[in-house]
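Note sheet for the following structure.
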2 protein chains.
Amino acid sequence: MNLKELSQHLGLSQTTVSRALNGFPEVGEATRKRVLEAAETFQYRPNASARKLATGRAGAIGIVFSSERNMLLDPIFTDFLAGVATQCSRSDNDVLVSSAQGDEAGTYRRLARVRSVDALLLSSPTIDDPRIAMLQRLGMPLVVHGRTQTGLNYPYLDIDNEGAFHKATTLLIDLGHRRIGLLNENLRFTFATHRSQGWRRALTARGLAAPPELEGGARMTEENGYRMARGLFELSDPPTALLCSSIFLALGAMRAARETGRIVGKNLSLIAHDDGLDAIRPETLTPALTTTFSSIHAAGVRVAEIAMALANGADPTAAAEIWPVDLVFRGSTVPPAP
Amino acid sequence: MNLKELSQHLGLSQTTVSRALNGFPEVGEATRKRVLEAAETFQYRPNASARKLATGRAGAIGIVFSSERNMLLDPIFTDFLAGVATQCSRSDNDVLVSSAQGDEAGTYRRLARVRSVDALLLSSPTIDDPRIAMLQRLGMPLVVHGRTQTGLNYPYLDIDNEGAFHKATTLLIDLGHRRIGLLNENLRFTFATHRSQGWRRALTARGLAAPPELEGGARMTEENGYRMARGLFELSDPPTALLCSSIFLALGAMRAARETGRIVGKNLSLIAHDDGLDAIRPETLTPALTTTFSSIHAAGVRVAEIAMALANGADPTAAAEIWPVDLVFRGSTVPPAP
DNA sequence: CTGAAAGCGCTTACAG
DNA sequence: CTGAAAGCGCTTACAG
């Protein structure tokens, strides 16, 4: 059943039926009711392509998978995507996932030209991420989950990574720790740089050193957490507390702790950033992990919302949000062993 | 730049330019060359919606996120999706992700009516999954990653879960184990049922019991792995070996082992199913975990391939693949302690 | 080998 | 409040 058939059935013009369906105010109440009922009866759905062609709007937002980025390997991305998809389906928008194997710039350029999305979502940007300038040049609306340090003006939603790790570090200092290690993602990612800055600022604010030997950055896998922690434990003056940028790094750190005879929550303190991954909950581990928490699902919802506003012509300079991050205190964080 | 402008620039009709671009054989070689060069120069890309409308093909395949299914919470899904996206982008197809909040059937129905996808992908079906019959009724091509036990005929790609867990169980029996526990997903998922069957078949083939007390099924989280393992360890005759349906369940089981004074690879054996999740690699844990392995990324690639063939009119009854699963022997699997 | 024209199924000025 | 008609940007019989 298409619009033509539906309107013929109703004895109305396509114009009127289309207007009734799309909620235009000038349609008579009785007419609208008839149209809506018929549409329901016949399960009429406007053809997406036709509507897109006529309106010039794609009714979709896009996300690009990049094999160079960690996102592909990042299980947490699923949760973000679910948030995006949920929000989009509320307003009958699609979300379109592309994969950039190799030529990432080319993929973005193609998406921009083909006009199959109204806006693009960028995740986990690097500090000098070139994608933003490129997409702006192509006139493609975009919203960034995270930030860059490029000085460009663009819509974004980020969490307060600097503040979160500042707060976490300060807590550890207040508990008496003086040597606090940081297991982080590679610093080319802005969120990692921000977390490093928060850690450093908290230490120097208390007159403590933030030596490079106490800081490690690598893809956030269990194994890298293990390796980095082992490295820190082998220092002549090893840390008594660790900050981990992800639950996976924390798992690896906990393994390293066990193997070196440390007991988390006794003679080693741990704080991990928790993205809300459901398969591993920090509160149910032994001991329960202190975390900095921000729901990545909620971020996905909000980012999609912003993207769709942009697609509808919202001011791209207006959207800039930095969400606070909770520090959730649990058993993994104690004063240093005497 | 659109087709009209491009053809005017070339002094050709839209027809010819369109045919040249789409590789139709009747176009003169010189003409084709000119057209291709001009298209390249002007970075011409056909408008996706217009093409879809004209051809009636959406050029996209769809995946529905369901909050009822574990897939939403399943980090491994990212990897599957990446495989799908990679394959689709090879042939310039889109992948469209929808979210079914609440009314899952309604979401599928809408997708079918709106014609924005040519085929649908179903993941982790339950044994009596109703979605397949529904989509077949709507005339929507689909391919299932996994199987049902409905007896319906549909295209699918599955891994040999029964065989994998049969093989793993047999290995443990051969090593001398007599009490082998199974930490599984809920049995309403077909893959869980198949794994349970493989476990049971191996045990009974050797005249061993497969008592329900040794089998647990729940969402595959670390915590549930911990809980189920704790439960098994409290039995009067506890298992000396465990089979885990996911790396997360295995992590929980390892934690339970530690807390009850067990040492994996010494007085407790462990085999986990590995989907190839990059954030936690079984081979780098302590001890390295024996696994049944099958790449979920590769499955995503192949499933997308099948879906696109179907969209192009391939025979839906022809595609049915069951991939073998490797058993990778590592340090977590030893004979029972004397 | 090339082109004029119809058509895909919508939306939306414009007219009444 | 309703409708006839043009147009969105492609593809594809049909004709030559």
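Below, chain A is the first sequence line, B the second, and so on; all start at residue 1.
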#### Entry: 5' priority, DNA chain D, between Asn47(B) and Arg19(B) [closest heavy atom]
Asn47(B)
Hey, does the side chain of [X] come within less than 4.0 Å of [N]'s phosphate (OP1/OP2), counting only N and O?
X: Tyr44(A); N: dG9(C); answer: no
X: Asn22(A); N: dT11(C); answer: yes
X: Ser13(A); N: dG3(D); answer: yes
X: Thr16(A); N: dG3(D); answer: yes
X: Thr31(A); N: dT2(D); answer: yes
X: Thr15(A); N: dT2(D); answer: no

### Message
With nearest nucleotide decided by heavy atoms, which residue, Ala50(B) or Thr55(A), maps closer to the 5′ end of DNA chain C?
### Response
Ala50(B)
### Task
Specify whether Phe42(A) and His9(A) have parallel, tilted or perpendicular ring planes, treating 30° as the upper limit for parallel and 60° as the lower limit for perpendicular.
perpendicular
How many whole angstroms separate atom [atom1] of [X] from atom [atom2] of [N]?
X: Leu53(A); N: dA6(D); atom1: CG; atom2: P; result: 17 Å
X: Leu6(B); N: dT11(D); atom1: CG; atom2: C1'; result: 15 Å
X: Leu3(B); N: dG9(D); atom1: CG; atom2: P; result: 10 Å

### Message
Base, sugar-phosphate or nothing for Gly28(B)? Non-hydrogen atoms, less than 4.0 Å.
### Response
sugar-phosphate
### Task
Could you please name the option among dG9(C), dG9(D), dT12(C) that lies closest to any side-chain atom of Asn2(A)?
dG9(C)
### Task
Say whether, by atom type as modelled, one donor and one acceptor occur between the side chain of Tyr154(B) and the main chain of Thr148(B) under 3.5 angstrom.
yes
